[in-house]
Amino acid sequence: HSAVSRGRLGVRIALLRFKDESPFFWRTFLGDLADSLGRGRLSRKAINLLVQRLKGARGVASKPVEGALPVEGWLELKKGWRSYLDEEGALYLFDDAVFEGKV
């Protein structure tokens, strides 16, 4: 089934199965996603932060632990990208309207 599902509040992307993919995969996958959503592309630094969190790294300076679960929480990937990573490796990208009370 598809890794991307769209809903009224935004988009959910199941990312855990991709955590060991190459940087090229991540730039292409997330770049195509950004284009399809009409948003700006993520920087390499933001993509690296997302992948490290998927692999269980708790902070910018920490290293992923083998077999660790994704680190759940809000991510600051790019201005205008309101995003949340859950413990199952799903990334939620919320539409701005959700936070502006227009939904």
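Quick note: numbers below take in every heavy atom, side chains included, and nothing from hydrogens, waters or symmetry partners. Each residue takes its place number in the sequence, starting with 1.
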ask   = Would you say V71 and L42 are hydrophobically clustered, going by side-chain heavy atoms of ILVMFWY under 4.5 Å?
value =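 No, V71 does not connect to L42 through the hydrophobic network.
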L69-L49 co-clustered via ILVMFWY side chain contacts under 4.5 Å =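 In one cluster: no.
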request  = Rounded to the nearest 0.5 Å, what's the gap from CZ on R39 to CG on L93? Could you check?
outcome  =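 Atom-to-atom, R39:CZ and L93:CG are 6.0 Å apart.
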query = To the nearest 0.5 Å, how far apart are CD in E76 and OG in S83?
reply =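 One finds 8.5 Å between CD of E76 and OG of S83.
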Using side-chain heavy atoms (C-beta onward) and a distance below 4.5 Å, is [X] in contact with [Y]?
X	Y	result
E72	Y84	yes
P70	Q52	no
L77	L50	yes
D35	R41	yes
K55	D20	yes
L91	R53	no
L30	I13	no
L54	W26	yes

ask   = Which pair of non-hydrogen atoms, one from G56 and one from A68, has the smallest distance, and what is that distance?
value =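 For G56 and A68, the tightest heavy-atom pair comes out as CA-CB, 4.0 Å.
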task = Identify the two heavy atoms, one from A34 and one from G40, that lie closest to each other, and give their separation to 0.1 Å.
result =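 Answer, listing the atom of A34 first, then G40: CB-O, 3.6 Å.
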request  = Taking atom types as modelled, find out whether R27 and S43 have a side-chain donor-acceptor pair closer than 3.5 angstrom.
outcome  =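 Looking only at side-chain atoms, S43 and R27 do not form any donor-acceptor pair under 3.5 Å.
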inquiry  = Can you confirm whether or not the ring centre of Y92 sits under 6.0 Å from the ring centre of W74?
reply    =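 No: the rings miss the under 6.0 Å criterion.
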inquiry  = Ring-plane angle category for F18 and F29, please: parallel below 30°, perpendicular beyond 60°, tilted otherwise.
reply    =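 Tilted: the ring planes of F18 and F29 meet at 30° to 60°.
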message = Test side-chain contact (heavy atoms from CB on, under 4.5 Å) on L37 and R6; report intermediate values, then the result.
response = CA-CA 10 Å; L37 297 173; R6 296 171 192 261; 3.1 Å; yes
